[in-house]
2 protein chains.
Amino acid sequence: MLTFTEENYIKALLKLTEEVGVEAVGTNELAAHLGVKPATVTDMLKRLKEKQLVSYEKYGKVSLSVSGRSLAIDVLRKHRLWETFLCRCLGFPWHQVHEIAEQLEHIQSNELMDRLDAFLGFPQIDPHGDLIPSKDGVFQVKPKRTLSMLAATQSAVLIGVGDNSAAFLQYVDAVGLQLGSEILVKRIQPYDALIEIEINGKTSQVSQKFADQIFVDTPPQRDEISDVGLDVEGDL
Amino acid sequence: MLTFTEENYIKALLKLTEEVGVEAVGTNELAAHLGVKPATVTDMLKRLKEKQLVSYEKYGKVSLSVSGRSLAIDVLRKHRLWETFLCRCLGFPWHQVHEIAEQLEHIQSNELMDRLDAFLGFPQIDPHGDLIPSKDGVFQVKPKRTLSMLAATQSAVLIGVGDNSAAFLQYVDAVGLQLGSEILVKRIQPYDALIEIEINGKTSQVSQKFADQIFVDTPPQRDEISDVGLDVEGDL
DNA sequence: TTTTAATGTTAGATGAATCTAACTTAATTA
DNA sequence: TAATTAAGTTAGATTCATCTAACATTAAAA
C-alpha cells in the first residue's frame, strides 16, 4: 500500500516521462514539478526504489518500473474519473475539478472506481480532453498537435489542453473555447508572434505560451471529405 | 485546517458524548474507540486543546468546544452524504459504505459537499437511518428506542442501527431486515433472553446485544390510528 | 485509612515527509 | 584540461502520529 505522497511522486514521474515522451527525469525537475526541494526527492527516490517502483542509481536519472508505471496509471485513472464525475454530475466548471480530484484520486477502493466508472457510462475522455486509462491499465499518449503549430488561415477543433490549472482554464473560458470548439487562426503577428484567433465569431489575441497548451485536431479541409465532428463523449 | 487524524478524534468525541448522551469522556475510552494507546490520546488532546477544539484538563475528562463540535458535525455531515451517494448512486450495499466514507469524509471542499448534497436532493437520512446534519450544523440526536425495549407481541419498524460495521450489517441483512421493515417480537426466551422476531414471515432468534443496536419506531397500534408508514427518504 | 486497581501522563523512540546548509559529482565553458 | 556552474546527495533538524515502559493520580475496596 502506497502513501499519498508516494502516489504523487509516481504520478509526477508518469507525467514527466510519458506525456513528454522522455525516458527518465532528473531530481531537480521532479522537485520543481512537485514543489519540494531536490533533497526531499532524493530521500523519496530511495524509498521508491526499495519498493521497486522506480529504477534509479545515485546521480542518475529516474524512471518508473513496470509495477510503478501500472500503479501510476491507476492513480491517473482515478483522477480522471473523479474529474468527469465532478463536471458531469455535480456541474463543476472544468477549472475547479483538478484540485478536488487531487484529493479524491487517493481514495483506496477498487470497487468504488469500478462502480463510478460504470455510473458514468465508462467515459473515455475526461473534462480536459485527456484519455482515461482503462481498468487494465491500457493507456497510451497520442502525439499532440497544438494550436501553435497551425499556420494563418488554418482552422482546427479543440480536443484537449496541456495545463489543468485553474488560471489557464479560466483564460481558455475567457476566449470562448471549450472542447469541440472550432478555432480559426486569422493571422500571426510577425513582430511578437501573437496569434489572432476566432472562435464563434469572437476574435482574440493569444500568446505562443498559451497556444502550446491548446491541443487541436485539424479536420480534413482541402480533401473535401465530409464533416467529421468531434464526439467528445460518445465514442465507445 | 485540521489533519485527518484530528478530524477523526473530534468525530470520535462527538460520537462518544452526544450519541450516548454523556457530557465528557475519558482518555481510555477514546483510545479504545480509536484503536490507539491512551498515551497517544493524551498527546493529541494537548494539541486539540491548543487549537481550542476541546476543553480538557490533566487527569480530567474531555469534551468538545463549540468550534470543535461544529467541525465534528461537519465531518459527520460529509460522511453521511458520501454514504448516501455510495448506496443510492453507485449501488453499494449498506455494509460496505462506512469504510469508504471514512476516507471520503476528509476531502476538503465545501463546494463539493454542497453540490453533492444538491445532487442527492438534500437527503435527511443516510443509508443506516442516521440523520444527516444540515449545512449550518443543526444536528440533534433523537432519543432512541431499541428492539430490546419491546415486549412480546409488540411490533415496530426499523428506522436505524447503532452499529455501522460490515459484520453487524450483514447480520441484519441475513435476518431479512432493512430500513422500513416491520419487526414483530414473537416471544422472549425466559432462560437466555433470546428474542424471537418475525420479518416478512421469516422467523429469527436474535441476542440482546444485537437487539440493542436495532433502532425502531413503534407505530400507534392500540389507538386505532390509521397506518403511518416510514418514509425513509421523502420527508423534506 | 491504607492498599489496590483503574485511569491517565511523561519520557524517550520510531517512521514518514519535509526542510536548510554543507558537501560531492557531473557537465559545460573558456 | 582546468575552472566554473548545474545537478544531486548527505547530515542534521522539525513536525506529526504513533508506540512502549515507567511513573503519577484518582477512585474503590478492604
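A, B, ... follow the sequence lines: proteins, then strands. Residue 1 opens every chain.
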K.L.:
More than 12 non-hydrogen atoms from neighbouring residues, nucleotides or ligands closer than 6.0 Å to NZ on A:Lys144, yes or no?
P.N.:
yes
K.L.:
Rounding to an integer number of Å, can you tell me how far B:Glu6 CD sits from D:dT15 C1'?
P.N.:
12 Å
K.L.:
Looking only at the side chain of B:Asn28 (C-beta and beyond, no hydrogens), which of the listed nucleotides D:dA7, C:dG8, D:dT10 gets closest?
P.N.:
C:dG8
K.L.:
Classify A:Lys61 by what it touches in the nucleic acid, base, sugar-phosphate, or nothing, heavy-atom distance under 4.0 Å.
P.N.:
nothing
K.L.:
Verify the contact: side-chain N or O of B:Lys58 to OP1 or OP2 of C:dT10, cut-off strictly under 4.0 Å; return yes or no.
P.N.:
yes
K.L.:
Using whole Å, what does the distance between atom C1' of nucleotide C:dT9 and atom CD of B:Glu57 come to?
P.N.:
14 Å
K.L.:
Ignoring the backbone of A:Tyr59, work out which of D:dA11, C:dA26, C:dG8 is nearest its side chain.
P.N.:
C:dA26
K.L.:
What does A:Phe4 touch in the nucleic acid at a heavy-atom separation under 4.0 angstrom: a base, only the sugar-phosphate, or nothing?
P.N.:
nothing
K.L.:
B:Tyr9 OH to D:dC16 P: how many Å, rounded?
P.N.:
14 Å
K.L.:
Salt bridge or not for B:Glu102 and B:Lys11, using N-O below 4.0 Å?
P.N.:
yes
K.L.:
Where do A:Ser63 and A:Ser55 land on the side-chain hydrogen bond (donor to acceptor under 3.5 Å, both in side chains) test, with the steps shown first?
P.N.:
CA-CA 6 Å; A:Ser63 61; A:Ser55 79; 3.2 Å; yes
K.L.:
Would you tell me whether A:Asp173 and A:Trp94 have side-chain atoms, one donor and one acceptor, within less than 3.5 Å of each other?
P.N.:
yes
K.L.:
Does A:Thr42 reach a base, just sugar-phosphate, or nothing at all? Heavy atoms under 4.0 Å.
P.N.:
base
K.L.:
Can you figure out which of D:dA17, D:dT20, D:dG8 approaches the side chain of B:Lys37 most closely?
P.N.:
D:dT20
K.L.:
If you look at every strand shown and take non-hydrogen atoms under 4.0 Å, does A:Thr40 touch a base, only sugar-phosphate, or nothing?
P.N.:
base
